[in-house]
Amino acid sequence: MHSKDTTCPYCGVGCGVTAQTDGRRLIAVEGNSRHPANRGRLCVKGANLAATMVNDGRLLRPVVDGREVDWRTATDEVAARLRAVVDVNGADAVAFYLSGQLLTEDYYVANKLIKGYIGTANVDTNSRLCMASAVAAHKRAFGEDVVPCDYSDLESADLIILCGSNTAWAHPIVYQRIVAAREARGTRVVVIDPRRTTTCDIADQHLAIRPGTDAALFNGLLAYVAANGALDHDFVERHTEGFAAARAANRLSPEAVATLTDLDLHQVLSFYAAFADTQATVTLFSQGVNQAANGTDRANAIINCHLATGRIGIAGAGPFSITGQPNAMGGREVGGLANQLAAHMDFDETCWTTVSNFWGAPNLARQPGLKAVDMFDAIHDGRIKALWVMGTNPAVSLPNTPKVRAALARCETVIVSDCVAQTDTTAFADVLLPAQGWGEKDGTVTNSERRISRQRRLLPAVGEARPDWQIICDVAISMGFADAFAFTAAHEIFAEHVDLSATNKATNRLFDLSFLKGLSARDYADLEPVSWPPQERPYAQRLFSTPSGRARFVPTAHREALQQPCPAYPLILNSGRFRDQWHTMTRTGSAAKLFLHSCEPTLQIHPRDAASRNIINGDLVAVRSAVGEVRLIADVCDNVRAGNVFAPIHWNDRFASMAVVGSLFESAADPISGQPESKHAAVQCRAIKHLTWARLLYPAELDLDRLNGCVALRYWAVSPGQDRAAFQYEFALANSEAMAELIELGDALCFQAGSQLRLLGEHSGRPWLLFTDDQRERLPPFSHLQHQLDADVPDWQKLSVRSVVRRDQSPVVCTCFEVTRSRIEQAILAGHDDLPALGRELKCGTNCGSCVPELNELLARLAVPAAVAAR
Ligand code: SF4
């Protein structure tokens with residue numbers, strides 16, 4: 001057995017992972033107790049990494065125009081196609097679309113090739129979708145994209161404001177650190193979010209603002225601190241500029257803020273007073289702030305308040321943008337965004353000359369390229385003719401996916417490097433290049449607190465998969481740039497990246513990794529997590545990265561969202577993450593356990609909006625916007641405001657028939673950051689009634705194209721069953737006769753009981769089970785079907801409908817020990833009325849801790865009433 005330290009490939013928390021392998025397989029993972037980000041903890045996604053290391057569905061060999069070829073042929077072909085487009089249409093007809101999943105070394109050479117050698121800055125990344133507004137705000141305020149906080153600040157803060165962040169689900173280990181700090185020192189927590197999320201479990205105050213009014217709330221806060229003696233005059237005077245203009249632009253009274261945000265005045269005043277009175281305040285913000293048409297202004301409105309109170313560059317205080325992806329920050333460091341050059345440099349003459357000389361680049365791009373949304377528009381209208389997508393799935397994740405897919409279909413040359421063979425994007429590829437996945441590749445990532453950690457190779461690569469950096473270098477060499485891309489290992493690229501960053505030494509820029517200069521291959525292999533700048537926290541000396549050395553206030557105005565509701569589309573759609581899934585499921589979709597918490601795409605809708613549309617819990621709902629439609633299962637709850645609905649971003653066309661939520665958003669973006677407005681679309685909702693529902697446990701994946709050809713099919717969703725030995729399908733059909741159309745029944749045994757149909761059949765010597773019913777809630781849960789198939793002699797034929805209905809249908813709350821909500825509720829009502837007692841009784845909450853907020857919610861709802869009733 002071998003043990004190696006590496007880094008989790010999911011969110012921007014960047015947890016350290018210790019992996020055990022037998023040389024061929026990943027046997028187990030656990031949190032690395034020495035890693036400063038997580039100190040041994042892992043959330044449910046990290047804890048299930050081993051389950052995602054499956055070889056099914058991997059892209060194994062290069063493919064050109066549908067034909068498997070060797071690597072030499074593939075790289076020469078890519079080089080020739082890119083060269084041909086440049087020769088005929090110019091460099092700006094080429095674009096790269098990268099991913100926050102790439103390692104820093106991959107990002108570095110991709111950026112170097114396209115900007116330095118192909119000669120265009122048309123290189124952007126899916127990180128544009130999650131934190132570009134924060135980047136733009138940092139640059140406006142500090143003169144450089146620097147996150148001024150680290151996680152330890154959360155442990156020394158007295159007030160933590162979580163704005164637009166469902167931290168409990170999206171950044172679980174940061175959340176757990178906040179929970180621990182709160183227990184230890186009574187930290188006050190304010191959650192600002194239109195939705196009541198699981199994060200509200202620890203909120204002393206939840207401000208359920210009207211969507212899109214974050215800037216108004218913080219603009220009003222700036223006015224409040226100025227009017228109520230909370231300004232740090234000395235800091236503002238000596239270390240900032242532009243206060244008067246920002247103040248003049250922000251004269252909102254608390255009353256006006258209350259009206260705009262739809263909060264009670266006392267809520268606004270209470271929040272403002274808490275901020276004004278608490279020096280050690282961290283404002284942690286995420287996608288709810290960034291993914292807006294005024295996302296940059298929102299982030300600057302937050303930063304303004306910290307500058308006004310001097311709460312930056314000191315322990316326990318600061319505006320803290322937290323990234324969604326494992327290496328969004330690394331991508332920012334090497335210039336993976338279209339509007340950056342490299343090493344935090346811009347396109348001004350001095351920076352351009354520095355980078356051009358350093359790279360010896362004959363052809364360095366002179367100006368910023370097209371950002372993600374504009375890039376795909378340019379592909380759509382034919383200005384960009386060759387696109388190379390690396391490690392991401394824009395056909396699902398970008399807004400207005402119908403247009404994105406049309407653009408991909410029109411593009412003359414689409415190259416996709418990925419570790420997965422079939423994604424919604426690989427379907428459009430002319431050239432497919434097999435990339436190594438997590439656990440196979442080697443390099444570095446930088447997390448949300450600027451900490452660089454190693455991702456280490458754990459296992460041999462599958463098939464002929466190669467590291468992304470090597471694929472890029474091979475293409476560059478084939479294009480004639482051998483001298484600049486003669487890297488033979490990731491550490492050589494890292495060394496060049498370090499050397500380039502060291503040119504910042506003579507400037508105000510903080511990004512300077514020269515303390516890592518001269519690392520040998522051995523040093524790099526053994527590199528422990530390290531953050532920059534190495535000596536002290538950013539801006540501890542009150543010297544910012546601007547030409548004047550002063551931080552800049554930015555006048556920010558409240559603006560309404562671009563995609564406004566109207567009579568035809570009266571509801572506001574918000575989108576976000578579920579607890580146990582990641583992005584477009586290309587990785588987490590392999591792990592059966594990660595579907596236990598939520599196995600299908602749902603739509604949270606307020607009871608009032610549901611009632612007015614005759615929608616009940618579990619109904620199939622058609623959600624339409626001006627640009628697209630999805631079909632989701634209704635989750636009627638008051639976690640969303642009336643007039644708002646919420647849907648998860650994860651489901652792609654491999655896992656559900658029509659659930660790509662990006663298809664509902666228009667191509668609206670922040671004009672400064674280019675970040676799409678992914679939290680605010682105008683939609684209508686309608687229940688699809690009179691359906692026959694079916695649940696099928698099948699020992700193989702069905703041909704989904706064939707399913708989509710079934711005219712009576714209204715909906716399907718699939719998830720892997722236990723150990724991926726079977727697949728769980730849920731269907732909704734317009735009529736029961738269509739069932740025969742749907743699957744090959746063969747010699748299936750068929751039993752009818754009331755309105756229920758039960759079928760038992762065989763596929764390749766392995767049984768399958770299917771239940772249908774005109775009432776979805778009467779279908780047995782998949783766990784029950786599995787139980788029947790697992791029985792030596794299936795006794796399912798003896799089951800009465802009543803016994804099926806009695807089975808536990810409630811969702812799994814604790815994924816680690818597969819504990820359902822109803823078991824937890826029963827335990828609470830039986831007197832296990834706190835977390836330790838529940839843990840002793842059911843083990844729930846005793847492993848990764850991801851379910852603890854939901855356990856607390858249930859305890860809060862049930863334990864106190866039960867105790868009162870008992871008295
Ligand atoms: Fe991975 Fe979870 Fe840590 Fe994020 S919080 S890095 S998903 S283990």
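FYI, side chains are in, hydrogens and waters are out, and symmetry mates aren't considered; it's all heavy atoms of this structure. We count ligands from 1, going down the list as the structure has it; atoms in each ligand are counted the same way.
Seen from the ring of F285, R298 does not count as a face-on cation partner, given the 6.0 Å and 45° thresholds.
A salt bridge links R537 with D153; the closest basic N to acidic carboxylate O contact falls under 4.0 Å.
A distance of 6.0 Å or more separates the ring centres of F782 and F595.
What sits closest to atom 3 (Fe) of ligand 1 on the protein, heavy atoms only, is C15 SG, 2.3 Å.
Counting only heavy atoms from C-beta outward, the side chains of R456 and D442 approach each other to under 4.5 Å. Looking at L859 and L835, their side chains come closer than 4.5 Å, going by heavy atoms from C-beta outward.
The shortest separation from a heavy atom of N38 to ligand 1 is not under 4.0 Å, leaving the residue out of contact.
Taking a cut-off of under 4.0 Å to the non-hydrogen atoms of L42, the atoms of ligand 1 that pass are 8 (S). Every atom of ligand 1 with a heavy atom of I173 under 4.0 Å away is listed here by number and element: 3 (Fe), 5 (S). For ligand 1, the atoms sitting less than 4.0 Å from at least one non-hydrogen atom of Y10 are 7 (S), numbered in the order shown with element in parentheses.
Under the 30°/60° scheme for interplanar angles, the aromatic rings of F578 and H650 are found to be tilted.
Taking only non-hydrogen atoms, the option from P326, C8, C11, G14 nearest to atom 4 (Fe) of ligand 1 is C11.
None of the N, O or S atoms belonging to C43 lies under 2.8 Å away from atom 1 (Fe) of ligand 1.
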